[in-house]
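Keep in mind it's a predicted model, so treat the numbers as computed, not measured. In what follows, chains carry the letters A, B, and so on, assigned in the order in which the sequence lines appear, proteins first and then strands, with residues in each chain numbered from 1.
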2 protein chains.
Amino acid sequence: MARASTTSDVFNAIAEPQRRVIIALLADGRKYSVGQLVDSIRLAQPAVSKHLGVLRTVGIVSVERVGKSRMYSLNANALKPVHDWVKPYEVFWSRQLDRIQSRAERMAASIKPQPELTENKGDNHGCDK
Amino acid sequence: MARASTTSDVFNAIAEPQRRVIIALLADGRKYSVGQLVDSIRLAQPAVSKHLGVLRTVGIVSVERVGKSRMYSLNANALKPVHDWVKPYEVFWSRQLDRIQSRAERMAASIKPQPELTENKGDNHGCDK
DNA sequence: TTGACATATTCCTTTATAGGAATATAATCG
DNA sequence: CGATTATATTCCTATAAAGGAATATGTCAA
């Protein structure tokens with residue numbers, strides 16, 4: 001099977017470096033036209049438009065027509081799933097490795113219940129120990 | 001050009017849902033053999049081994065040989081770049097849209113200096129306004 | 001309407017998967 | 001050693017993607 005579609009998953013959408021560049025450009029909350037973004041990125045206009053299309057599909061950016069231009073703005077809320085996913089792991093590096101084990105085990109419950117795509121058919125997986 | 005290699009970028013590594021499942025399984029800080037992971041995931045052993053190979057290449061997991069088994073454990077530090085990248089956007093949803101604009105502009109400086117892959121050849125991009 | 005400008009879309013090529021099947025490698029046991 | 005178990009690797013196929021080139025679509029101005 002091929003990779004998951006990039007237009008249906010925020011994680012895939014932000015996996016593309018150029019798209020992260022676009023997101024960073026929009027991070028000041030202002031609206032940018034495609035042309036302005038093209039000037040800032042080493043990429044042709046069609047490519048930028050395609051990336052914007054992906055970001056739009058996933059909900060990371062919003063468009064607004066202004067004259068002949070289309071003004072794109074960041075909809076950062078769409079990035080929240082990424083933040084929510086990675087946040088629990090923060091404890092692993094925020095505190096230096098003292099007694100990480102116990103904290104990690106306490107934390108496990110807050111991470112595991114995110115099967116996302118795979119339904120684990122609920123069978124007990126022979127955990128270690 | 002094709003997509004960036006998944007074996008050289010943490011963002012691409014975690015873009016695969018099954019790999020996030022594996023990461024979640026390892027989140028309790030314990031070591032799991034490949035077989036134990038296979039029992040927990042609806043995926044054949046070779047596929048799991050390949051995913052583990054990707055995660056290992058990117059540094060998200062570590063391996064340790066124990067008898068005929070190989071015990072995998074999470075190296076969450078490798079996820080820090082993702083956290084660092086998404087954290088600045090947290091303000092967008094943590095506070096309800098009151099005066100986000102000004103905060104966003106203050107924040108811009110902390111986000112923009114992450115060109116990652118693209119060297120923006122330093123030219124001024126015609127910002128809006 | 002025509003022309004210029006801004007952006008999106010289509011077509012095409014190269015590349016990179018993800019996963020299945022079969023096989024190779026490694027380590028333990030008798 | 002030979003058999004068994006555990007894991008990795010190779011081969012293969014279907015799918016998807018990124019970007020370039022060319023073109024279509026849409027909007028404004030004269």
Side-chain angles (χ1 to χ4, degrees), chain A residues 1-22 26 31-58 61-73 116-118 125-126 128, chain B residues 1-22 26 31-58 61-73 116-118 125-126 128:
Chain A
M1 198 188 293
R3 208 192 304 207
S5 173
T6 192
T7 59
S8 59
D9 183 3
V10 181
F11 286 87
N12 268 293
I14 67 166
E16 227 295 324
Q18 305 283 22
R19 283 196 286 265
R20 291 202 298 278
V21 172
I22 293 177
L26 297 175
K31 304 176 193 294
Y32 288 83
S33 71
V34 178
Q36 291 171 328
L37 295 173
V38 169
D39 291 343
S40 306
I41 308 176
R42 194 146 253 359
L43 211 53
Q45 174 266 313
V48 174
S49 279
K50 284 173 208 165
H51 283 309
L52 288 169
V54 171
L55 295 174
R56 181 163 19 100
T57 302
V58 183
V61 301
S62 307
V63 213
E64 179 190 352
R65 303 177 92 122
V66 175
K68 347 183 193 183
S69 300
R70 304 206 182 178
M71 307 304 290
Y72 280 85
S73 54
E116 316 227 358
L117 284 192
T118 50
H125 37 79
D128 113 283
Chain B
M1 196 187 294
R3 208 193 304 207
S5 172
T6 191
T7 60
S8 60
D9 184 1
V10 181
F11 286 87
N12 268 293
I14 66 165
E16 227 296 323
Q18 306 282 22
R19 283 196 285 265
R20 291 203 297 277
V21 171
I22 293 177
L26 297 174
K31 303 176 193 296
Y32 289 84
S33 70
V34 178
Q36 292 172 327
L37 295 173
V38 169
D39 290 342
S40 305
I41 309 176
R42 195 146 252 355
L43 211 54
Q45 174 266 314
V48 174
S49 280
K50 284 173 208 167
H51 282 310
L52 288 170
V54 171
L55 294 174
R56 181 163 18 99
T57 301
V58 184
V61 301
S62 306
V63 213
E64 180 190 353
R65 302 177 89 120
V66 175
K68 350 183 191 181
S69 300
R70 306 206 181 179
M71 306 305 287
Y72 280 85
S73 55
E116 314 228 357
L117 283 192
T118 51
H125 36 79
D128 114 282

J.: Rounded off to whole Å, could you give me the CD1-to-P distance for the B/Ile41 and C/dG20 pair?
T.: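 Checked: the CD1 to P distance equals 12 Å.
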J.: Do you know the tightest heavy-atom contact between A/Ser73 and A/Leu26?
T.: C-CD1, 4.2 Å
J.: B/Val38: which residues meet the side-chain contact (heavy atoms from CB on, under 4.5 Å) condition with it, sequence neighbours left out?
T.: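 For B/Val38 the side-chain contact (heavy atoms from CB on, under 4.5 Å) partners, ignoring immediate neighbours, are B/Val34, B/Gln45, B/Val48.
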J.: So do A/Tyr72 and A/Arg56 actually touch side chain to side chain, heavy atoms under 4.5 Å?
T.: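 Contact flag for A/Arg56/A/Tyr72 side chains = yes.
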J.: Under a 4.5 Å cut-off applied to non-hydrogen side-chain atoms, are A/Leu43 and A/His51 in contact?
T.: yes
J.: Give me the distances for all protein-to-nucleotides 20-24 of chain D N/O pairs that come in under 3.5 Å?
T.:
{"residue": "D/dG20", "atom": "O6", "partner": "A/Lys50", "partner atom": "NZ", "Å": "2.4"}

J.: What is the distance, to the nearest angstrom, from the CZ atom on A/Arg19 to the C1' atom on D/dG19?
T.: 12 Å
J.: For nucleotides 24-30 of chain C, just jot down a letter per nucleotide in 5' to 3' order: B, S or -, based on protein non-hydrogen atoms under 4.0 Å.
T.: --SSS--
J.: If the helix axis at each end comes from five base pairs, how far does the helix from C/dT1-D/dA30 to C/dG30-D/dC1 deviate from straight, to 10°?
T.: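 Terminal axis comparison yields 10°.
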J.: Can you find a pair of side-chain heavy atoms, one from A/Val63 and one from A/Met71, that are under 4.5 Å apart?
T.: no
J.: Can you check whether A/Arg19 reaches A/Leu55 side chain to side chain, under 4.5 Å on heavy atoms?
T.: yes
J.: For B/Ile14, does its backbone N or O pair with a side-chain atom of B/Arg20 as donor and acceptor, under 3.5 Å?
T.: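 It does hold such a pair.
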J.: Tell me: CG of B/Leu52 to C1' of D/dT9, nearest whole Å?
T.: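 It is 14 Å, rounded to the nearest whole Å.
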J.: Rounded to whole Å, how long is the line connecting atom CZ of B/Arg56 with atom P of D/dT7?
T.: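 After rounding, the gap between these two atoms is 12 Å.
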J.: Do B/Gln36 side-chain atoms and B/Ser33 backbone N/O form a donor-acceptor pair below 3.5 Å?
T.: yes
J.: Nearest of C/dA18, D/dA18, D/dA6 to any side-chain atom of B/His51?
T.: C/dA18
J.: Please determine whether a side-chain nitrogen or oxygen atom of B/Tyr72 lies at a distance below 4.0 Å from atom OP1 or OP2 of D/dA8.
T.: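 Answer is yes, contact under 4.0 Å.
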J.: Return the set of residues passing side-chain contact (heavy atoms from CB on, under 4.5 Å) with B/Thr57 (not counting sequence neighbours), or none when no residue passes.
T.: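 Only B/Thr7 meet the side-chain contact (heavy atoms from CB on, under 4.5 Å) criterion with B/Thr57.
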J.: I'd like to know if B/Glu64 and B/Arg70 make a salt bridge, using a cut-off of under 4.0 Å between side-chain N and carboxylate O.
T.: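 Salt bridge flag = no for B/Arg70 with B/Glu64.
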J.: Does D/dT27 have its OP1 or OP2 closer than 4.0 Å to a side-chain nitrogen or oxygen of A/Ser69?
T.: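 No, because none of the side-chain N or O atoms of A/Ser69 sits under 4.0 Å from OP1 or OP2 of D/dT27.
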J.: Looking at A/Ser49, does any N or O in its side chain come under 4.0 Å of the phosphate oxygens OP1/OP2 on C/dT9?
T.: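 Answer no for this pair, as no side-chain N or O of A/Ser49 is under 4.0 Å from OP1 or OP2.
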J.: Could you give the CE-to-P distance, from A/Met71 to C/dA6, as a whole number of Å?
T.: 12 Å
J.: Tell me: CG of B/Asn12 to P of D/dA17, nearest whole Å?
T.: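 These atoms are roughly 12 Å apart.
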J.: Sequence neighbours excluded, which residues qualify as side chain to side chain donor-acceptor pair (under 3.5 Å) partners of B/Ser69?
T.: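 For B/Ser69, no residue satisfies side chain to side chain donor-acceptor pair (under 3.5 Å) once neighbours in sequence are set aside.
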J.: Given A/Tyr32, which of A/Val61, A/Leu37, A/Leu52, A/Asp39 fulfils the side-chain contact (heavy atoms from CB on, under 4.5 Å) condition?
T.: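 Checked A/Val61, A/Leu37, A/Leu52, A/Asp39 against A/Tyr32; only one passes side-chain contact (heavy atoms from CB on, under 4.5 Å): A/Leu37.
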J.: Could you give the CD-to-C1' distance, from B/Gln36 to D/dT5, as a whole number of Å?
T.: 14 Å
J.: Grab the CG-C1' distance between B/Asp39 and D/dA6 for me, whole Å please.
T.: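 One finds 12 Å between C1' of D/dA6 and CG of B/Asp39, rounded.
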